[in-house]
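Written below as structure tokens is the structure these notes are about.
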Amino acid sequence: MTEIVVATRNQGKLREFRAVLGPENFKILSLDDIAFSGEIAEDGADYLENARKKSRSVAKACGKIVLADDSGIEIDALDGKPGVHSARFGGADLDSTARNEIVLKLLQSVQHPKRTARFRCVLSISLPDGRKYNCEGICEGHIAIRPKGKNGFGYDPIFLAAETGKTMAELGPEEKNRISHRAMALRKAVQECLMFF
Ligand code: ITT
């Protein structure tokens, strides 16, 4: 079984990586499993730069195949914000509930159908010998009027996934993993790269 280290501190992401890659016969290791305690500054100009930085630093440290994810939500009425700054939007100390409230407030005067948004996930895979690979997944939708649902993490309660009529947080994990940006990027990564290792 191929071992893959997932370079994330986000437990929601880690659950999704395990759910999608586990059945494909990959053994997923977390940063705790490899005792990686380093901090990686996410100061890149875009998702790819941040994802590469995360996967490369961890691959150098552990000598294994490493997968990193940099992702975010892009809201058209906010000119694509928060985008690459999604994790810290409104202030680094806020929790997701407070961050979602800020987004809803900013969109108070924006009516459907102008509340369009998308989740974007960029994955970077780094090998200890320096080889690298990346791919992207996108999930289109709208920002809800109010938060709904208890599943998932981050912006899931305010993101209405196109065609489902539900927020991502109302979907069960299997449903989210069928349509999400992360699952889409992961399936590409398996087909185009990981299955050859
Ligand atoms: P790592 O860097 O340790 O992986 P992080 O949470 O800091 O974890 P990012 O820098 O990639 O991750 O920030 C992405 C943010 O975008 C994340 O914190 C969420 O707020 C949001 N986000 C990304 N994917 C999401 C999803 O599937 N559902 C809800 N929110 C998501």
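Just follow the structure's listing: the first ligand is 1, and inside any ligand the first atom is 1.
Looking at L48 and R52, their side chains come closer than 4.5 Å, going by heavy atoms from C-beta outward. Considering only heavy atoms from C-beta on, S30 stays 4.5 Å or farther from V6 through its side chain. Contact annotation: the side chain of E74 approaches that of R120 to within less than 4.5 Å [non-hydrogen atoms, C-beta and beyond]. In this structure, N134 and I125 have side chains that are not in contact, with every pair of non-hydrogen atoms separated by 4.5 Å or more.
Sorted by chain then number, the residues whose non-hydrogen atoms approach ligand 1 to under 4.0 Å are T8, R9, N10, K13, E42, K54, D69, D70, S71, G72, S86, A87, F119, F153, G154, Y155, D156, K176, H181, R182.
Enclosure of atom CG in D93 is not indicated, since only 12 or fewer non-hydrogen atoms of other residues, nucleotides or ligands lie within 6.0 angstrom.
Using the six-membered ring where Trp is involved, F119 and H181 have ring planes that are parallel, under 30° apart on the 30 and 60° scheme.
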